Participant: 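Questions regarding the structure given below will be posed in turn.
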Amino acid sequence: MTRTLRTLCTSVAAIGLLTIGAVAQAQDKTIKIGALFPMSGPGSYFGTQDKQGVELALEQINQTGVNGYKFAVHYEDSACSPLPATQAAKRLIEQFKPDVIIGEECSDATLAVMPIVEQAKVPLLNAGSSSIKITQPGNPWTFRIMPNEVMQGINLAENAYRRMNARRAVLLFENTNAGIGNAQVFKENFTRLGGKVLAEIGFGRDVNDFTAIATRVAGLGEVDVIPTYTLEGQGLKITQALAQAGVTKGGGGNAIQIGTIWLPFGFEQKAGKAALGYIRIVQFDPTDARPVARNFVSAFKAKYNTEPTHLNAHAYDQIMLIADVVKRGGKDPETIREGLAATKNYSGVTGSVEFDKNNQNVKMDTIHYMETKPDMSWVSLKWN
Amino acid sequence: MSETVFAQQWLGKATSSRARFLGYLTAVAVIVTLPLVFNDTYWRTNLTVCAINVLLAIGLDFILGYAGQLNLGHSAFYGLGAYVSTLLIVKLAVPFWLAFVAGVAFAGLAGTFLSLFAVRLRGHYLAIASLGFAVIVHQILLNWISLTQGPLGIYGIAPPPALVVDGTVIADFRNLTAFFYLVAGFALLSFLLLSQLVRSPVGETLTAIREDEVSAASLGINAAAWKVFAFGVGSAIAGAAGCFYASFVGTLVPDAFFITEAFNILAMVIVGGMGTLIGPVFGAVLLTILPEVLRGLGDLRLVVYGAALTFVVLFIPGGMAQAANAVGERLWRRRSA
Amino acid sequence: MTTTIVLQQAINGIVLGSLYVLVALGLTLIYGVLVQINFAHADFVTLGAFAAYFFMHLVGLGYIPSIAVALIVGAAMGWLINASIFTPLRRKNNELLPLIATIGVSVMMQNLMLAWFGPIPYAFETEFSRHVIRFAGIFVSWQNVIIIVVSALTIALLYVFMKFTFLGKALRAVSQDRETAGLMGINPNFLIMLTFVIASALAGMGGAMLAPVLVLTPFAGTSVIVKAFAIVIIGGFGNVEGTILAGLIVGLIESYTTQFLNPGLIDIVVFALLLLMLAIRPTGLISERREENV
Amino acid sequence: MSATADGAAGEPLLRTQELQKNFGGVKAVSEISFDVPMGAIFAVIGPNGAGKSTLINLISGVYRPDAGSLSFDGVDLSTMPAHLRVRFGIARTFQKIRLFRQLTALDNVIAGFHVHHKIPAWQYLVHGAAFTADRRRCRDQAMQLLEFVGMSGRAHVPAGSLSYGEQRMLELARALATKPRLLLIDEPAAGLNAAEVDGLLDRIRSLRHGGTTVILVEHNMDLVMNVADRIMVMEYGRRLFEGTPAEVQKNPAVIAAYLGGELL
Amino acid sequence: MSALLEIAGLELAYGQVAVCRNISLRLDRGEIVALIGANGAGKSTTLRAIAGLLSPRRGTIAFGGRDVTALPSYERSKLGIALVPEGRRVFPFLTVRENLELGGFNSRKDPSTLKRRMERVFAMFPRLSERSSQNAGTLSGGEQQMLALGRAMMSEPQLLCLDEPSLGLAPIIVHDIFQTIRAINAAGTSILLVEQNARHAFETAQRGYVLQTGSVIASGSCATLKRDPRVQEAYLGRTATRR
């Protein structure tokens with residue numbers, strides 16, 4: 001029985017190795033990119049969109065290749081959770097032997113994967129996790145092109161206090177690593193400046209009806225800003241509920257929702273009138289006039305027949321940055337790591353990239369502020 | 001139910017003590033050779049995950065298959081073991097093995113507590129009560145941020161300290177193989193002890209309770225006490241699995257112990273064949289490896305997993321133990337014919 | 001001010017509660033007749049929500065007809081799962097096997113829906129979502145009015161069906177004593193099937209009603225089902241009146257916990273109540289108890 | 001032959017006083033008082049539904065009395081849980097057979113030794129010499145008990161597959177494994193054929209010779225009249241009459257109520 | 001008279017445990033036939049098989065000349081077999097009226113017939129009429145027995161099977177019940193009666209079958225059976241004569 005099982009496992013493993021090996025050896029000079037995306041469960045919200053961006057980028061760079069290199073991507077489902085992410089990362093490293101890895105979205109998963117890539121000496125390029133721990137202390141093999149929670153939080157708090165003259169805030173956040181982390185940074189900085197946080201309302205991802213929360217916010221009296229940290233789905237419900245309760249501008253109130261880069265472009269259209277006045281940081285602005293952004297938007301629309309989101313854009317940028325590193329001489333994990341670290345003023349769809357000593361992108365042009373107008377269009381606030 | 005009976009008879013009774021000894025010898029041999037056969041870190045990781053899941057499955061089987069208590073909240077004890085040991089190590093710098101003992105004890109006590117509370121409940125009421133307990137534990141881990149870090153998680157949890165005798169390192173648990181030997185060895189030991197226990201009068205007592213509590217009471221069996229005992233033992237084993245999980249993955253977030261995890265463990269027990277100890281071992285291995293093997297199927301992997309689970313329940317309700325039994329019986333018949 | 005808030009939260013709680021009732025009623029009916037738990041019930045809710053969404057968007061007949069469509073889709077799924085899982089397993093007379101099988105079905109359905117519908121939340125807007133009635137500081141959206149009205153109507157219809165029709169009485173008879181019901185000329189298998197169809201139709205319809213409230217993804221039903229289990233237990237397994245009462249109570253707990261404590265604590269409060277119930281009245285709010293015959 | 005005379009002199013083994021048990025307003029047992037002397041065979045008869053089985057359930061501890069008291073060998077049983085009563089020496093069989101259907105006949109009997117294992121707890125985990133000896137002892141004694149009820153040939157058959165008569169005998173053997181001082185037997189002859197009833201009768205007699213006190217609930221008059229020292233007749237939960245077999249057979253009220261008047 | 005019910009060579013078992021080995025019996029239209037025997041002899045099991053609650057291992061059951069062995073209980077009910085099961089088995093959380101209505105489930109599409117039948121049952125048992133809106137579980141034992149009987153009569157069966165209608169009831173009520181049974185029979189319903197109370201059984205039935213450990217050991221008119229020593233033996237055990 002046991003022997004049969006072992007044989008079975010071995011043969012299954014062998015088949016797995018063969019298939020992956022076949023893909024890997026199809027081309028001689030290939031940069032192998034491993035992608036750790038959540039593709040099952042609720043986290044597949046990220047994975048599906050990430051994959052679109054990656055596919056578009058691959059299509060573009062593989063037309064000509066870079067320095068004679070083609071690019072191959074192998075996806076593993078890391079499920080937005082530490083253990084599955086660890087398993088996926090190890091499988092990726094063992095069997096696909098990537099030159100560089102991109103992903104995860106969820107901070108827990110990214111943090112769990114970091115020691116593994118460090119041990120395997122494969123660079124990890126992250127664009128979706130905001131936890132400060134990823135780059136502080138971080139490790140030499142992990143890079144992040146997205147502004148972390150502290151960068152966003154400080155910036156948001158200062159702008160809320162100084163430019164919006166907000167003094168009273170209510171924090172709404174999902175009870176996740178990212179939700180709590182972002183809310184805490186905002187709170188610290190906002191109160192440091194002299195603002196007051198009237199309530200911190202955290203909720204699980206399984207909360208559906210936000211009328212009760214909106215009612216509670218409405219009962220708190222005058223509120224100036226409502227920093228909101230949720231994903232698209234719950235975000236829509238919150239915005240509508242706050243408007244219904246007459247709290248926010250969209251519902252005839254005075255409060256303004258503000259937030260970080262979590263929400264996709266098109267959120268306002270989905271939310272409708274309720275989103276009026278919403279001010280948020282976006283990393284990807286589809287109205288961006290730079291050619292790189294223009295090309296991306298049109299290519300994306302052509303391929304998928306839909307507007308790209310920031311997730312699409314981030315994934316696209318990750319691949320394109322790797323291509324840029326390869327162009328600058330990267331050809332294996334070590335040289336790609338060095339290349340990434342040496343990146344100066346790389347201009348991507350979501351802004352420019354330059355890493356500090358902790359491998360955190362420090363370019364502040366990745367933080368744009370947008371305000372939602374009555375016709376649901378965006379206006380850029382140029383607050384940086 | 002009758003399918004499980006046959007499985008129990010064939011697997012439980014037909015084995016002489018010599019055959020059992022050979023079985024354990026084989027098990028040791030298999031455990032020793034497995035990491036040598038699978039010599040990449042990915043498969044070695046899976047092996048360790050298998051061993052952790054084996055612990056969870058045999059613990060649940062002891063509660064469910066032997067004492068007949070429908071426990072849908074096994075993930076709670078798993079999580080408590082993980083968090084208690086880790087918090088002791090991280091916050092109070094308690095040595096690993098002491099924290100391990102504390103984690104196991106705490107999980108066991110939690111199981112005892114739940115069982116004491118739920119001892120009057122039967123069948124689906126117990127099922128939902130334990131499910132409710134698991135929801136509450138998960139939510140506490142999630143919301144008591146000042147203690148558990150909640151969803152922020154605990155990172156960089158160290159593996160158990162290396163085993164050093166006279167200044168020589170015998171086993172360094174940063175090494176995957178050593179870690180696998182540790183967990184698999186512990187699982188084997190737990191299996192051995194449980195198997196001794198169920199082959200002692202305790203086994204008959206628990207079976208008697210599972211079959212008919214009134215009748216058991218008429219023989220002087222204190223059903224409530226034994227059910228609490230079984231629950232305590234099963235949840236303590238889950239606590240041990242939790243301690244290993246934390247030090248193995250190095251990262252601890254409450255969502256790892258969401259109630260779906262309890263369903264997974266339950267599925268391992270059922271697919272393996274509940275009421276036999278060996279069945280859930282194979283059930284755990286199969287259901288740990290299956291999703292990994294199915295990775296090639298991409299998006300459809302969990303569809304196939306769900307279908308496989310349904311299929312097993314519909315067509316092999318006694319699980320792998322029943323299937324093995326059927327095959328064994330056929331072979332035996334052929335030989336004797 | 002405070003009274004307004006308390007009142008407003010009561011309304012919020014009742015809206016949510018009536019949705020929970022729709023989902024939990026199905027579980028209770030199935031439990032009453034079959035003494036079985038259907039874990040895939042949650043996914044019928046999700047499927048109903050998607051059915052309503054696609055009917056609205058592809059056929060364009062508006063929200064109300066889409067509720068009916070969701071109901072039919074739910075009913076069909078109920079029939080299917082009864083025929084494929086519960087009927088074959090009934091002979092095995094085991095309380096665990098169908099439960100595990102439905103976990104398998106649930107995993108399968110969720111991931112099939114994920115493959116078809118994708119993970120990105122659908123914005124389910126109805127013609128009633130954005131119209132809000134305001135009165136003396138209280139606000140209710142038309143959508144919520146519809147939820148309350150349709151839920152109340154459904155519950156009333158179900159009550160009439162159970163209380164005044166032959167089939168409904170037969171159904172209650174089957175849940176109390178399947179064998180004796182057979183002696184009356186009632187085909188228990190037909191009624192078990194009917195129970196499943198009704199329960200799942202309620203789930204499907206619940207889905208259509210929940211869709212504008214839920215974050216509509218293939219995993220939407222899961223967020224409701226755990227609470228539905230709690231409601232079924234608090235109300236007393238198989239007890240329809242108890243389930244309705246418990247559903248409303250849980251809805252109110254949710255809104256008042258949000259108001260006065262923290263939404264993160266909702267599940268703790270609900271399940272603490274559940275455990276408390278089990279400790280003091282293991283048979284639920286409205287008790288039906290029989291002595292064991294030795 | 002009759003042990004009544006000797007037993008009556010000393011303290012009774014079981015004494016019940018004004019026992020009462022209601023089920024939803026129905027008095028299943030009401031104001032029942034009787035003494036069972038040491039070494040006696042005490043039969044309870046009465047029509048179906050008279051409350052006999054409820055009485056057995058009260059004595060064995062499945063039910064708690066709503067009023068009244070019962071004491072065993074001077075110990076008050078009223079609030080003692082069923083499993084503890086076994087340790088004091090009360091065992092029983094069930095009217096509706098309740099065996100562990102999935103266990104073999106032998107294992108059913110071995111389960112009956114629950115209160116008689118005397119091995120250090122650690123030996124449950126590490127099976128040492130004491131454990132092996134205990135196992136062997138239980139096995140041997142269980143086989144003896146199976147032999148006593150005439151089932152030594154069926155030791156390895158799952159209880160659920162035994163015939164009706166065999167199941168009744170197995171329940172008896174299992175109850176005897178607890179080494180009772182007082183054995184409660186609930187309708188042991190139901191479903192048995194004449195030969196089996198004869199065998200049962202012999203076994204009950206030899207139990208008494210072994211010093212076991214027996215309370216027997218039975219319809220089979222042949223059995224009852226032949227083994228019982230005293231008979232209590234119940235009807236509607238109450239005691240109708242108590243006396244020796246001869247007195248019972250002569251009592252017109254008993255004949256009218258139970259035996260159906262003109263038939264005998 | 002023609003045979004309404006004819007059973008041949010019935011073998012019945014619960015799981016692997018055989019309860020009835022070889023039961024053959026016959027009941028003519030208009031008759032009351034009693035099945036007697038000690039507890040555990042297989043009387044109730046035989047009734048359950050006739051009503052279709054237990055499928056036989058072997059043997060046939062014919063009703064009104066038609067083989068019904070393979071029919072489920074609800075189909076047999078439609079043919080005119082009704083069983084008042086042991087322990088009454090009323091639906092405890094349905095009202096008395098609802099219980100009765102369900103008894104007439106087969107005629108549910110004919111409200112006027114149901115109404116007529118219900119009035120007849122209420123006339124038979126006025127107590128039920130007084131308690132018609134009460135839950136059946138709250139009735140006393142005697143009232144539940146009346147309800148069970150009335151419920152069975154709601155289908156106006158050709159054959160009424162009664163399983164120990166006197167169980168646990170006070171003498172006065174037992175008397176009433178048996179009077180009603182005789183009245184029902186006089187109105188044309190054939191009755192198969194399992195009864196432990198020998199006097200009532202023999203007073204009520206015309207013929208009887210005596211069962212012992214799952215086999216018929218004697219049969220004949222009640223008058224002859226009463227005097228048959230085998231009957232006393234099977235029913236009550238060999239009486240004290242042997243002492």
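What you see below is based on every heavy atom in this structure, not just the backbone, and it leaves out hydrogens, waters and symmetry mates. Because the structure is a prediction, the values reported are computed rather than measured. Order of the sequence lines fixes the chain letters, A, B, ..., with proteins taken first and strands second; residue numbering starts at 1 for each chain.
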Participant: Could you tell me whether the side chain of Ile37(C) reaches within less than 4.5 Å of the side chain of Ile128(B), counting heavy atoms only?
Facilitator: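 Answer yes - side chains close enough.
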Participant: When rounded to the nearest 0.5 angstrom, what is the spacing between CZ in Phe133(B) and CG in Leu274(C)?
Facilitator: 12.5 Å
Participant: Heavy-atom cut-off 4.5 Å, strictly under: side chain, backbone, both or neither for Leu275(C) against chain B?
Facilitator: both
Participant: Do Leu72(B) and Phe229(C) pass the side chain to side chain contact (heavy atoms under 4.5 Å, CB included) test, and can you show the C-alpha distance, the side-chain angles, and the key distance before you say yes or no?
Facilitator: CA-CA 12 Å; Leu72(B) 285 188; Phe229(C) 279 128; over 6 Å; no
Participant: What is the distance from atom CD1 of Ile270(B) to atom CG of Leu97(C), rounded to the nearest 0.5 Å?
Facilitator: 6.5 Å
Participant: Of the backbone (N, CA, C, O) and the side chain (C-beta and beyond), which part of Leu70(B) lies under 4.5 Å from a heavy atom of chain C, both, or neither?
Facilitator: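 The side chain, not the backbone.
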Participant: Can you tell which of Met108(C), Met109(C), Gln110(C) has the highest number of heavy-atom pairs within less than 4.5 Å of chain B?
Facilitator: Met108(C)
Participant: Could you check whether any side-chain heavy atom of Leu266(B) comes within less than 4.5 Å of a side-chain heavy atom of Leu99(C), counting everything from C-beta outward?
Facilitator: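 The answer is yes; the side chains approach within 4.5 Å.
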Participant: Measuring from atom CD1 of Ile85(C) to atom CG of Leu314(B), what distance do you get when rounded to the nearest 0.5 angstrom?
Facilitator: 4.5 Å
Participant: I'd like to know which of Val107(C), Ile268(C), Val105(C) tops the heavy-atom pair count under 4.5 Å against chain B.
Facilitator: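 Option with the top pair count is Ile268(C).
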Participant: So which part of Leu142(B) gets closer than 4.5 Å to some heavy atom of chain C, the side chain, the backbone, both or neither?
Facilitator: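 Contact with chain C involves no heavy atom of Leu142(B) at all.
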Participant: Is Ser84(C) in contact with chain B via its backbone, its side chain, both, or neither, using a 4.5 Å heavy-atom distance?
Facilitator: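 Ser84(C) touches chain B through backbone heavy atoms alone.
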Participant: What part of Ile266(C) gets closer than 4.5 Å to chain B, counting heavy atoms only: side chain, backbone, both or neither?
Facilitator: neither
Participant: Rounded to the nearest 0.5 Å, how far apart are CD1 of Ile103(C) and OG1 of Thr260(B)?
Facilitator: 10.0 Å
Participant: What part of Val270(C) lies closer than 4.5 angstrom to a heavy atom of chain B: side chain, backbone, both or neither?
Facilitator: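 Neither part; nothing is under 4.5 Å.
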Participant: So for Leu112(C), is it side chain, backbone, both, or neither that comes closer than 4.5 Å to the heavy atoms of chain B?
Facilitator: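 Both backbone and side chain of Leu112(C) come within 4.5 Å of chain B.
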